[in-house]
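Quick notes on the structure that follows.
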Amino acid sequence: MQKKGMLVVISGPAGVGKGTLCRALLTQSTDLEYSVSVTTRPSRPGETDGKEYYFRSKEEFLKMIEDGELLEWAEFLGNFYGTPRFHVQAMLNQGKTIILEIDIQGAKQVKSQCSEGVFIFIVPPSFTVLSERLRGRGTESEEVIQNRLARAVEELENVKDYDYIIENNDIDVAVERLKSIIVAENSSTKRVAFFSKEE
Ligand code: 5GP
């Protein structure tokens, strides 16, 4: 059987634990690829260029847009974020599954170009838990946290545009659900070309 590549988009409000979930997913499923985004936001302590993000200046980012190097991009609370097209395309051409952790504006752009993608939205168990998690991170000012919380409310209204919704209450349970969705979607008749009589 020949497998088509599969694009998996994961969105959800900041602080919901998307990053932790994706890291756990990638450690447990070694056949998955991850798309490292480009951003103009300053790196947080512990983040490395080329690992969590490619950290670039606004000028460099705008040049990438101009040169058509980004599959999608969005401005999120004053910073730019975007997905480099080249890596995603290469992985899809090789029949691989690639994970994009991007915001709802980016997800809409991807959907318009790749309707066969799998769109998953991660939600917190409650708004209180979300604000506790954002504060617990200890990396952002109260103003940034307030902006991110306001944005989270807007984002949660877009759940209906996604194929799946996962509550991140217990990380292990959430990772298992993510893995199950990916396994099932990878077996979909939409994505697998069965061999013909001549093969
Ligand atoms: P953070 O600053 O917390 O790392 O990310 C802020 C938001 O930007 C998150 O919702 C994250 O999913 C989103 N994001 C990260 N990379 C990209 C990207 O390449 N494109 C878009 N549209 N959003 C992204």
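Fair warning: this is a prediction, and the values are worked out from it, not measured in the lab. Both counts, for ligands and for their atoms, begin at 1 and track the order of listing.
Under the 3.5 Å distance criterion, the side-chain polar atoms of Thr39 are left unmatched by any main-chain donor or acceptor of Phe55.
Atom CD of Gln89 is separated from atom OG of Ser35 by 11.5 Å, given to the nearest 0.5 angstrom.
Sorted by chain then number, the residues whose non-hydrogen atoms approach ligand 1 to under 4.0 Å are Lys18, Ser37, Arg41, Arg44, Tyr53, Glu72, Ala74, Phe76, Tyr81, Gly82, Thr83, Glu101, Ile102, Asp103, Gly106, Arg148.
Across every non-hydrogen atom of Pro84 and Val88, the tightest pair is O-CG2, 3.7 Å.
Scored by the salt bridge (charged side-chain N to carboxylate O under 4.0 Å, His left out) test, Arg56 finds Asp49 as partners (sequence neighbours excluded). Every residue two or more places apart in sequence or in another chain that forms a side-chain contact (heavy atoms from CB on, under 4.5 Å) with Asp170 is listed here: Asp172, Val173.
The ring-ring contact (aromatic ring centres under 6.0 Å, His included) contacts involving residues 170-189 comprise nothing, where partners must be two or more places apart or lie in separate chains.
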